[in-house]
Amino acid sequence: MARCVQSVQEFVQDSFVPMVAVLCSEEAERVTRKNNLNFAELLRPFCRLTSEGHIRDPNNQVQVVKNLRICVNNMMICPNTVSGALSATQRRLLNEVVLSCQPQEGALSSVITAGDYNLNFSGKDYSLTALGNNKEDPLMEKNLHQKQTLATTPWFEAYRENFLQSMPASDHEFLNHYLACLLVVSSTEAVPVEQFLKLSQEQHRIQHSGEYSSPKWFIPNTLKYYVLLHDINEGEEQRADTLYEDMKQRYGPQGCYLLKINSRTFSSEDDEQIPDPWKNNADQMSHVLSNSIESHPLQLDTVSSSGNLQTVSAVNTNLKKEARDPESLAGASVSHGTCLTLNDHDRIRQFIQEFTFRGLLPHIEKNIRQLNDQLISRKGLSRSLFTATKKWFGGGKVPEKSISEPKSSCGLQYPPEAPELQIRKMADLCFLVQHYELAYSCYHTAKKDFLSDQAMLYAAGSLEMAAVSAFLQAGAPRPYPAHYMDTAMQTYKDVCKNMVLAERCALLSAEILKSQGKYSDAATLLIKMTSEDSDLRSALLLEQAAHCFINMRNPMVRKFAFHMILAGHRFSKAGQRRHALRSYCQAMQVYKDRGWSLAEDHINFTIGRQSFTLHKPKDAVTAFRQILTNGSRQTATQQGAFLREYLYVYKSVMEENEVSLPHLPLPCINSSATRVYFGRERRLAEGEKQAATHVSLDQEYDQDLAAMWCQLEEQLVASANRGIVPVNFLPTQFCLNSKTDNLRNPLAVVEEPIIVEVMFRNPLKVSLALSKLSLLWRFTPYSPSEEKTTEELAGETITNEETLALQARLQLLPHRTGQLNIVGVVYYLAAASSGEIVNFLTSTGQQKMDTMMVYGRQDLKIQGPRLNQTKEDKMSVQHGPDRRLNPIITPPMPLMEVFFLQFPTALLCGEIRKAYVEFCNVSGVALSGLRVSSTHPDFFTFGSQATTPLTPLSPTSAENCSAYKTLATPLQPDFVATEMLVSAEDFSQPSGVMEIPLNGNMLQPGESTQLPLWLRGPDQEGVHEINFLFYYESTEKGNKISHRVLRHTVFICASRSLSVQASACRSSASHHSLDNKGNCGTLVFIDVENINTTVESDCGCEWPHIQLSHNAATLLTSRERAKLCFKATRCTPYQEKYTFADLNLGNERIISSFTPCGDFFFRCCQTSHQSNIASSKTSSSSKSQTSVPTEDRISDVANIIKKCNELDLNLIVIWKAYVVEDNKQLILEGQLHVALQTIGKECSSLTLKEEAQEMVLLKFKSELPPPVVLPSADLSQLIKTNLHYPETYTHPFVQDSLCVVPVTLTLSNCSLAQVDVIIDLRHKSTSPESLDVHSSFSWVGQTQYKLQLKPQEELCLTLRACFLKAGVYNLNTLRIFAKPIEQGTMCETSHQTASPALIIINNA
C-alpha cells in the first residue's frame, strides 16, 4: 500500500476513539460563531492530548494512556432506522472528499525503482508528462539514487478517515457510541442553571425515549459535563466566576468547567499574526458527518431545541456547498478563530485536558470496574449450567425474526442487558483507553459466546477487535491473528451482507499486514473487497493493491500496472476522472515501449478521453497522437474510431488556440527522404522536337552517374578557365536527397521554382485525405528594406490506404534574393473512406467533411550525416548539418533549353546520320560560352567552320541528302588518288570539350538557334548510353553561380554493318618496278565482310596520310566477303599536316577531309591515342622497378626495330547501305576506321572481346627471380635485301666449263640508325626448300664484306656466281649479319631471307 502519514498504531488507535456529544444553547452557539466555527469545530484541533493519562484496571494496576484523541461532535438525531450500509448522502460526501483531494502540483517526485523500471509518482503525473521517458525529468534524476521511495496517496487517507468517522453506529458494538455529553451555556444567559437543566433533560429524553436510533449511547448513565462559555469581550468576568463557583457547588469541581474565549480585540488584529489550526482540518470538518442518515429533520421543542440540535438536511446542504468549493475547503476565503488569541488556544487545550483527565477517564474507569464486578458475580454459577440455561430458556435473547421467516444473516439480536453484550462493552471500554491485553481477553471470551449462539454479526465484531487488540499489545506477546480478520471480513461480507463493516475490517487488516511486510496478503485482501456495489471503494482498494505489488521484496511491476488500469476504470465509473487519468498515466509508465501495443492503445485512448473531459485538450491530443503513430495493430474499424476521436479533440484545440498552428501526427513524414529540386521541370516533346532529358524527380539517384556528371563538368569548367579547375569549384546539384552532399547551402535563382518532394506514409489501415497542402517557410531578404512575404501554394489531395507511401511535390517560386528556410508542411487532414473522399472533393460534400477536417502542420527535421573524421567524432555520435532545405536565392541567371530534331534511336555500326539541335534561351539574361562534353566524344560532331559543307539547314529539306560533301567526278581508269593536306587543328578538340558555334558567341534572352549535328553509330553493337553535358555562362559576371549546365542522356541501339580487317607488308618487287621516287611501296590487304543480315553495302576506300596507287569498289550482299589488295607508297611528310588521299568509286567522289568524315576520323584517332597513352603509362610503370644495362640495350634494339616496322597508315572505309523501311527505301551512309600501325600485324575495325584470363595459382613463398634471358631481337627487320639477276642464263659448257653469272645485291637500311653489315658468301644452304634444286655452285671473288649503312641508305653490290653445269640453282645461300652500330657483337643475328632465289642455267 502507499505510504501513510501516520504509523499503523496511530492509525488504528485513531480509528476507535472515545465519542463525546455536544449540546449548546443558542447564546453559546452565537459566541462561538464569531470565529466562523461551532463549538465542536472549535474544540476539534485540540482534541489530541499531549500528556499521558492514567487509569486503574480491575486488578488495581495502573495503565498509561498515551497520545489519546477524543472525538467531539454536535449531536444530530435521526429516526429509529437501522441500516448496514452508508446512506446516499454519506456516499456522496465520501466521493466529494476523494474528488477534492488531488496530488499537489509541483511536488517533489516520488520514485520507485523496480528492476529496469523507474516509476514516477510525482504530483503532476496525472498529466501527460509521465508518458515520456522518466529519465528526462530532473526531479526524477534527483531521486534515481533511491532504491525505493514509497508514494503517498492522500486521497485514500482522507477517504479512509472520513469513512471510519462517518460509519453508522451499530448495536453489536459500542465503539461508535457516545460516552459523554458536553452541555455548553454562555455566561451571558440570564439564568445559566436553567439552561443547563434544559439541555440535560433534552439529552436524557433523546437517549432514553427510544424514538431515535441515532445517536447511540455507550452506557445508560452518560457522563454530563457542564461547560460555562464566557466571552471576554462581552460578559463580565466577575459574574462568570461567580456562576462557575455556583456550578462547582451544584455539579462538583470535576463535572464542570469555565471556558473563557474571544479575548482578541479587532484593534490588535493587524499587529499579531495568530496561527490557524483549523485550516488543515477545514476539509475534514466540512465532510465528516458522524452518524448521519439522510431523512427528514426531527422537530423538537421550539423553545429548547431551535438552536441546540443540527438537522441532517441543514448539515448536508452546507457540506454539499463547501465540498464543491475547493477554496472554501482549504479555508482560503474564510478565516477561522478570528477572535481567539494564543492564550485562548491554550485555554481550549487546557479544557480538553481537564475534561479528559478529571471527567472522561475516571468515568470510563468506574464503568470498567462495574462491568467487571457484574461479570465476576455472574461467573459464580457453573459455566456449563449457565450455558444450558441459556439454551433452554433463551437466556433473555429475543429472536430477530419469527420462526416462519428465514433466519437472519446476522443471527440473534441481544437485549442491552445481555451478559454477552456486557463483556463486549467492557472490551470496548478497555480498548478505548489502550488496555489492549484485557480488551483481547474480553473479546476472545465474547467471541466464543457469540459463536455458540450463532450470532455471526456479534462474533465477527469480536473477532475483528480481538485481532486488532492482539496487534496493538505492547511487546507483541502473541502474533497477529490474520485469520481472525479474514473470518470476520468473510462473515461481514457473505453472511451479514454488511459491506461497510467488511470494508473497515479490510482497511485495518491491510494496513497491519503492510506494516509486517506481507504485501501479497494485503493485496489479496484488498482485491477481495472489490465489488459492483461501490465503484469508489473498489477503485481505491485496487489502487492500494497495486501499490502493494510494487512494494514487495521482488516488485511485481506488471501486476501493479494491471491493477492501476482496473483502478482507473473504476475511478472513471465513480466519476473521479482526475484520479482515473492519474491511474492510467502511472500504468502507462510500465506498458510504454515494451511491445504491448494493444495495451498502449487502450491506455492512450482512455487518457485522451479523460483529458478531454477534464478540459485538457492538449494532453488529449498528445495521447491520441501516440495511438496513431506507434504502429497500431488495431483493426481498421478501431483505428477509424481512434482517428475520429482524435480529429474531434484536435478541432476543439484549434478553436481554443487559433494563434499557433499545432502539429499533426498523421500521416508520417520521412524527413530524410525529402528531395529538393531546383529549376523548372523539363518540357515534354513538342511535335518532332525531343527535349533534353536533364534531371527529373522521377529519376533515381545513382552515385556512379553523379561521379560521371561531375567529371564531365570538371572538364567543361577547366576548358572555360584555360585548363585550370578553380579551387572553389563545386559540382552542380539539381536534386538534393539523403545521398548528396548537403553540407553547404544550395543556390537557387530568382523566378525559378523550387520543388520539394515530401514522402508521406500512412501507418493506419484506414484512408487519409490530405488537401490544400502548402509549404511552411521563413525568408530573410538580403536588403533591409524588403519585407517578408508569405506565399501558400495549393497542394494535391492524397488518399493513402494500406500503409502505402506516396509523394507530394510542392513548389515555391522566389521573387527576391535572400535566405530561404523551408520549415515544414501545412495541410488539412480528414478521415474518409473512398466514397467520402469523392464527396470531399465536390462542393456538395464540403459541409459534411468540414466537421472531420483539421488544419495543422508537420515540421521537416532532417538529421545530417554522422561525422567520422576526428577521434571525438568516432568516440561519440555527432551529426553534421543538412542544409538541403535552406537554399540561398541568387540574382537572375540565364536558363537554356535544348531540343533535338531527327535524332535517331537506332544506328548501324559506323553509320553517319545528320540531326539538328535547337538552343533556346528562356530567361531574361543573355548566355555565352556554350560548350558540350560527352562520355562518347566520337559519337557526334558539330563540324568545323572551315570544313563544314553547305548542307540544308532545314531538317525537312535534308531528307535523302548525303551527310558527306560529294563531287561528281568521272571514273578515272588509272585509279589515281586525289591528295589534300589538312591540319588537325581544324577538327580536333584537345580537351575533349567541343565549343558550340553561336552567332556572336552569345544567345540573347528569348532567342533560339538551330545547328546541324552529325552522329556516328558506335563501332560495337548493342545498346549504348551516351551522356551530353551542355555548359553555358551568364554575360553578367560576379554572381554566386558561375555557370550552369544541362544534362541529356540518349540510348542508341547499334546494329552490325561491315567488318574490315587489314594488314600491310613490304613489297619485294623487282628493281625495275620501283616508282618514280625510288620506293617499292607497301602492300595493303583488306578483308571486308557484310555481317548485317538485311543490308546490302557498297563500299569504297579513303586513305588518309598515304597516297594510293590502286583502288577497287565492290557490292556486298548479306554475309558476303571480299578480299582487296592495294599498294601504298610513302608520301612526302608535312609538319602537323595530314595527307588525305581519296579514291572515288564510280562517278561520285566523297571528300573525306571535310565534315563529317574528317571530324569522326580525328575524334576516333584522339580516342585511340588517349587509350594508347594510358596503356603505355601502365606498361612503363611496371618496368620502372629495375635497371640492368643489358636490358637497356635490348630495349634500345627493340625500339629501333619497332620504329623500322612503324606504319602510320589509317584506312577509312566509307559505305552505303540500302534499307527498306515502312515501304520506303533509305540510303544509309557510314564509315569505318582501321589504323595500321605495324607492318605484318593485322588490324580490324571491330574490337576483339577480351578472353577471360586463366586462373593462376597463388604463390605465397617468394622465389628467386629467373635468370635474364636475352630475347633474340629480330634484326632481320633492320636490313632489307634484294637479289637482282636474270631468271634464265644460257652458257655453252662445252666451250667453257665455268659459267660465271653477275648478281646484284641491294641492301636497304630500314631503320633510323647506322647499321654494321657483314656479308658472308661461304654459307651453304641446308634448308628443306633447297634440297630439290642444285646447290653445287660457288661465289667467286671476294667472299666476305663488311659494310656500314647510314639511316635509310641503299647500297648495291655486284657479286659473281660460278656454275659447273646446267640446272636450277638457289642463289639465296649467302649469310648477312646486321647490328646497330652502338650495340655489341652479342646482338648479331644471321640475316637470311627465307624465300628462294632460283636461277635456271641452260646449256647452249
Side-chain angles (χ1 to χ4, degrees), residues 1065-1083 1109-1110 1125-1130 1239 1276-1310 1315 1317-1350 1352-1378 1390-1404:
C1065 64
R1066 287 193 177 93
S1067 174
S1068 58
S1070 60
H1071 185 70
H1072 64 80
S1073 63
L1074 295 176
D1075 55 9
N1076 54 2
K1077 296 181 182 180
N1079 195 343
C1080 61
T1082 302
L1083 297 180
S1109 59
H1110 191 69
C1125 181
F1126 300 90
K1127 184 178 180 180
T1129 59
R1130 187 177 301 275
I1239 293 178
S1276 62
Q1277 303 294 330
L1278 293 176
I1279 303 299
K1280 180 180 178 183
T1281 63
N1282 198 1
L1283 293 173
H1284 300 278
Y1285 56 91
E1287 296 179 0
T1288 303
Y1289 191 84
T1290 303
H1291 177 73
F1293 284 96
V1294 177
Q1295 300 175 5
D1296 188 359
S1297 61
L1298 297 177
C1299 178
V1300 179
V1301 179
V1303 177
T1304 303
L1305 173 62
T1306 304
L1307 299 175
S1308 300
N1309 185 0
C1310 298
V1315 178
V1317 181
I1318 297 177
I1319 303 172
D1320 188 1
L1321 302 179
R1322 296 170 296 179
H1323 175 66
K1324 298 295 183 180
S1325 177
T1326 57
S1327 60
E1329 293 84 356
S1330 60
L1331 292 181
D1332 55 345
V1333 296
H1334 296 280
S1335 60
S1336 57
F1337 78 96
S1338 299
W1339 295 98
V1340 295
Q1342 187 177 349
T1343 59
Q1344 190 174 18
Y1345 297 88
K1346 289 186 178 180
L1347 305 173
Q1348 189 175 86
L1349 296 180
K1350 295 180 180 180
Q1352 296 185 350
E1353 182 184 359
E1354 288 188 3
L1355 182 64
C1356 295
L1357 289 178
T1358 302
L1359 306 177
R1360 291 187 298 170
C1362 181
F1363 303 91
L1364 299 179
K1365 59 180 179 179
V1368 179
Y1369 296 90
N1370 182 13
L1371 297 179
N1372 194 6
T1373 60
L1374 50 85
R1375 297 176 64 191
I1376 301 175
F1377 299 87
S1390 176
H1391 181 91
Q1392 184 177 7
T1393 57
S1395 59
L1398 302 179
I1399 186 172
I1400 303 174
I1401 303 297
N1402 297 323
N1403 189 7

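Model, not experiment: these values are computed from the prediction.
Listed here is the closest heavy atom pair of P1396 and N1372: CA-CB, 4.4 Å. In terms of heavy-atom proximity, Y1289 sits nearest to V1300 at OH-O, 3.9 Å. Of all heavy-atom pairs between N1309 and K1350, the closest is ND2-O, 2.7 Å. For the pair W1339 and L1371, the tightest heavy-atom approach, listed with the atom from each and the gap, is CZ2-O, 3.4 Å. Between F1293 and A1366, the shortest heavy-atom distance links the atoms CE1-N, 3.5 Å. Between P1302 and P1286, the closest heavy-atom pair is O-CD, 4.1 Å.
By the side chain to side chain contact (heavy atoms under 4.5 Å, CB included) test, I1400 is found to be paired with T1288, V1368, N1402, residues two or more places apart in sequence or in another chain being considered. Partners of E1287 by side chain to side chain contact (heavy atoms under 4.5 Å, CB included), not counting sequence neighbours: none found. Take I1239 and apply the side chain to side chain contact (heavy atoms under 4.5 Å, CB included) test, not counting sequence neighbours, and it matches R1066, L1207. Residues that satisfy the side chain to side chain contact (heavy atoms under 4.5 Å, CB included) test with P1292, not counting sequence neighbours, are Q1295, A1404. With sequence neighbours left out, the side chain to side chain donor-acceptor pair (under 3.5 Å) criterion links Q1342 to no other residue. In this view, F1363 and F1337, Y1369 satisfy the ring pair (Phe, Tyr, Trp, His ring centres under 6.0 Å) rule, not counting sequence neighbours.
The structure places OG of S1297 at 13.5 Å from NZ of K1365, a figure rounded to the nearest 0.5 Å. Taking NE2 from H1291 and CD1 from I1401, the interatomic distance works out to 9.0 Å, rounded to the nearest 0.5 Å. Rounding to the nearest 0.5 Å places CG of L1305 at 8.5 Å from CG of L1355. Taking OG1 of T1304 as the reference point, atom CG of L1359 lies at 8.0 Å (rounded to 0.5 Å).
Residues Y1345 and V1317 fail the side-chain proximity criterion, which asks for heavy atoms closer than 4.5 Å. The side-chain heavy atoms of I1319 and L1307, taken from C-beta on, include a pair separated by under 4.5 Å. In this structure, the side chains of L1283 and L1374 come closer than 4.5 Å at one or more pairs of heavy atoms.
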